Amino acid sequence: MLKPDRVFDGEAMQTGWVVLVKNNTIEQAGAMMFKLPAGTEIIELKGMTLLPGLIEGHSHLFLHPYNETSWDDQVLKESRAERTARAVNHAKATLMAGFTTVRDLGTEGAMYDDAGLKKAIEKNVIPGPRMIVATRAIVAKGTYGPKSPSPDVDLPQGAAEVAGLEDLASEVRTQIAKGADLIKIYADYRWGPNKEAMPTFSTEAIALATTIAQSGGRKVVAHATTAEGMKRAILGGVSTIEHGDKGTEEVFKLMKEKGVALCPTLAAGESILQYDGWKKGVDEEPQKIIAKKKSFQLALKTGVTICMGGDVGVFAHGDNAKEMELMVEYGMKPIDVLRSATSVNSDVFGYADKIGRIKKGLFADLIAVEGDPSTDIKNIRKIKLIIKDGIVYKKE
Ligand SMILES: [Zn+2]
């Protein structure tokens with residue numbers, strides 16, 4: 001039985017609560033109105049807040065920060081063995097940062113190795129978070145990367161290329177068969193005449209992918225940064241838009257109307273600009289940051305459901321809380337950010353009956369932090385206790 005100062009149950013901050021865990025399940029959560037089973041260990045968490053294990057909404061466990069090695073070089077020059085070895089470390093770092101679940105949105109050239117990594121974690125071969133995996137992700141032929149310097153040389157790509165509708169349908173089915181929990185499709189990418197992002201698939205193509213995936217009980221998520229790409233993805237029936245940088249009022253209204261959530265990945269944008277030399281707090285704010293703040297605030301104002309997902313891998317695994325801090329910095333209330341990282345992510349991803357809340361019957365995925373993260377989001381980094389699936393990974 002856990003006795004913290006306060007409990008964030010996934011929706012609201014509660015005081016006077018205790019939480020009883022049996023095996024891998026939450027048995028009781030609330031005021032101490034039940035009889036304590038004989039032999040129960042009582043863990044006092046003085047000065048701490050107990051929360052549901054955090055859910056990372058957008059990670060790439062098979063990538064590491066681009067200021068260490070460029071994305072192209074990771075895809076082209078690192079062996080699958082090296083990438084897996086790194087992913088093992090990344091999985092552990094993620095769990096030890098209090099993220100007991102990750103939605104991993106593409107191996108970027110490492111084929112179906114996320115499905116294998118997930119199995120290894122489930123078998124307790126290595127420590128790591130629960131994984132919701134995309135496997136390879138789907139891109140339109142010729143639009144993705146690495147880009148070849150010569151038309152005579154075909155380079156391996158960071159995702160599965162498809163050309164026509166038949167191809168797309170077949171790829172969706174293949175990825176599901178190989179272990180995909182969801183399908184990720186790139187609704188736009190940088191293939192314009194000036195390397196700008198342009199839409200890749202028609203609404204019809206995206207709708208075909210969602211129809212097939214939904215038949216198999218899987219959701220489709222879309223990478224989209226342009227207004228047109230976002231629009232086609234929304235109308236095509238995807239569940240989340242990843243990035244959404246150039247969302248307009250019209251697009252965000254459509255998202256709200258269709259119940260499509262936004263995963264803003266603020267930390268990826270900030271990281272890449274800093275790798276390019278931006279000194280945050282010293283230099284002037286880059287145009288891209290100003291625009292991203294504006295579109296994020298527009299999405300908030302329009303009432304779009306906001307997921308928490310940083311595009312981890314672009315920056316260091318284990319530093320996942322960076323996205324939560326930036327969400328506050330960009331205008332969200334800390335309590336809403338906590339909701340995004342727990343109940344909202346679990347609801348949007350379709351896992352509300354398993355994770356994301358401190359509620360009787362859900363999996364015992366719990367963390368305790370020092371202080372109150374709803375008054376200062378930075379407290380989310382002060383992790384003192386980590387329990388995943390009833391197993392204690394950290395206890396200070
Ligand atoms: Zn990503």
Side-chain angles (χ1 to χ4, degrees), residues 55-75 83 86-87 90-91 93-94 99 101-114 117 129 131-140 143-146 157-160 175 180-190 197 200 219-226 229-230 233 238-247 261-273 275 288 292 296 306-320 322-324 326-327 340-341 345 348-349:
I55 303 170
E56 171 58 55
H58 188 140
S59 80
H60 299 276
L61 289 179
F62 287 83
L63 289 176
H64 60 101
Y66 299 171
N67 61 338
E68 295 172 10
T69 309
S70 72
W71 180 85
D72 276 33
D73 282 355
Q74 291 186 46
V75 174
R83 298 191 67 189
R86 289 181 183 278
H90 299 157
T94 304
F99 289 78
T101 301
V102 294
R103 189 175 63 148
D104 206 68
L105 294 185
T107 58
E108 308 287 352
M111 300 303 284
Y112 309 100
D113 290 346
D114 53 351
L117 187 71
M131 289 181 71
I132 303 168
V133 302
T135 73
R136 301 182 65 192
I138 299 175
V139 294
T143 63
Y144 202 49
Q157 293 291 291
Q175 293 189 2
D181 300 306
L182 59 85
I183 295 296
K184 182 188 187 187
I185 192 163
Y186 282 71
D188 54 34
Y189 209 71
R190 298 187 290 271
T200 45
K219 293 173 186 293
V220 175
V221 313
H223 164 112
T225 60
T226 65
M230 289 172 77
V238 307
S239 62
T240 63
I241 298 281
E242 307 302 311
H243 316 298
D245 294 29
K246 299 218 166 116
L262 175 70
C263 189
T265 69
L266 309 175
E270 289 241 347
S271 299
I272 288 168
L273 283 163
Y275 300 157
K288 268 192 183 158
K292 183 69 182 176
F296 179 68
I306 309 284
C307 291
M308 197 295 295
D311 210 350
V312 200
V314 174
F315 59 101
H317 295 280
D319 196 20
N320 309 59
K322 187 173 184 172
E323 179 74 10
M324 299 174 76
L326 287 171
M327 287 164 91
S340 286
N345 271 4
V348 170
F349 305 163

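Everything numeric in this text was worked out from a predicted model, so none of it was measured. Note that ligands are numbered from 1 as they come in the structure, with each ligand's atoms numbered from 1 the same way.
- Remark: the Asp188 side chain and the Thr226 side chain contain an N/O donor-acceptor pair separated by less than 3.5 Å.
- Distance alone, capped at 3.5 Å, places no donor-acceptor pair between the Asp311 side chain and the Thr265 backbone.
- Side-chain atoms of Asp113 and Thr107 include no donor-acceptor pair closer than 3.5 Å.
- Side-chain contact check for Arg103 and Thr240: at least one donor-acceptor pair (N or O, by modelled atom type) lies under 3.5 Å.
- Within Asp311, the N, O or S atom at minimum distance from the Zn ion (ligand 1) carries the name OD1.
- Vertex the Zn ion (ligand 1); arms to His58 NE2 and His60 NE2; angle rounded to 10 degrees, 100°.
- Taking backbone and side chain together, His223 holds no N, O or S atom under 2.8 Å from the Zn ion (ligand 1).
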